[in-house]
Amino acid sequence: MSADYLQTWLQSVGMGTCDVLEEYIMRFVRSRNNKSFMKCVSGDQDPIMKKLARSRDQIGWRRFMEGMISKEFCEIQETHRRLGGSYLSGAKWAQSLSI
């Protein structure tokens, strides 16, 4: 999947992905494994984002690109849904995500 296609999907799925999550995913994917996810979220002081980055970096680039994501992605997207940003649950969003 191309990065542009992924970004279009992230923006359109279920009324959209959490904006911050979309931004960090796209930074990471466009880095083509030249940056850790932790570097992609640098400057963000939100503890859940730091936890997400640590977890995501443990998974590794290849496994992430094969579709393995950390549970924090689901948690962040679920919070976004609860705040009215999407109609897909965090779990359904994660099931639909294909990189």
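Counting heavy atoms of neighbouring residues, nucleotides and ligands inside a 6.0 Å radius, atom NZ of Lys92 does not exceed 12 of them.
Here the closest heavy-atom approach between residue Val13 and residue Ser86 is recorded as O-OG, 4.3 Å. Residue Trp61 comes nearest to Val29 through the heavy atom pair CH2-O, 3.6 Å, listed as atom of the first residue, atom of the second, then distance.
Applying the side chain to side chain donor-acceptor pair (under 3.5 Å) test to every pair with at least one member in residues 12-23, sequence neighbours left out, gives these pairs: Gln7-Glu22, Gln11-Glu22, Thr17-Trp93, Glu23-Arg27.
Between Ile48 and Thr79, the closest side-chain pair of non-hydrogen atoms is not below 4.5 Å. Contact check for Leu6 versus Met26: side-chain heavy atoms found under the 4.5 Å cut-off. Proximity of Leu52 to Val41: side-chain heavy atoms (C-beta onward) are nowhere separated by under 4.5 Å.
Atom OG of Ser42 and atom NZ of Lys35 lie 7.5 Å apart (nearest 0.5 Å). In this structure, Ser70 OG and Ile76 CD1 are separated by 8.0 Å, a value rounded to the nearest 0.5 Å. For the atom pair OG (Ser31) and CZ (Phe37), the distance works out to 9.5 Å, reported to the nearest 0.5 Å.
The closest donor-acceptor contact from the side chain of Lys39 to the backbone of Phe28 lies at 3.5 Å or more, if one exists at all. Distance alone, capped at 3.5 Å, is enough to place a donor-acceptor pair between the Gln77 side chain and the Cys18 backbone.
For Arg62, the salt bridge (Lys or Arg N to Asp or Glu O under 4.0 Å) criterion is met by Glu66, not counting sequence neighbours. Not counting sequence neighbours, the partners of Arg30 by the salt bridge (Lys or Arg N to Asp or Glu O under 4.0 Å) test are Asp4.
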Between Met49 and Glu72, is a side-chain contact (heavy atoms from CB on, under 4.5 Å) present by the stated rule, with each step listed? CA-CA 8 Å; Met49 285 299 177; Glu72 288 81 12; over 6 Å; no

Set out, in order, the CA-CA distance, both residues' side-chain angles and the distance that settles side-chain contact (heavy atoms from CB on, under 4.5 Å) for Leu21 and His80, then state yes or no. CA-CA 10 Å; Leu21 198 55; His80 178 65; over 6 Å; no

Apply side-chain contact (heavy atoms from CB on, under 4.5 Å) to residues Glu75 and Glu78 and explain how you reach the verdict. CA-CA 5 Å; Glu75 293 169 5; Glu78 180 62 21; 5.7 Å; no

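Cation-pi geometry between Arg56 and Phe73 is not met: the NZ or CZ atom fails to fall both under 6.0 Å from the ring centre and inside 45° of the normal.
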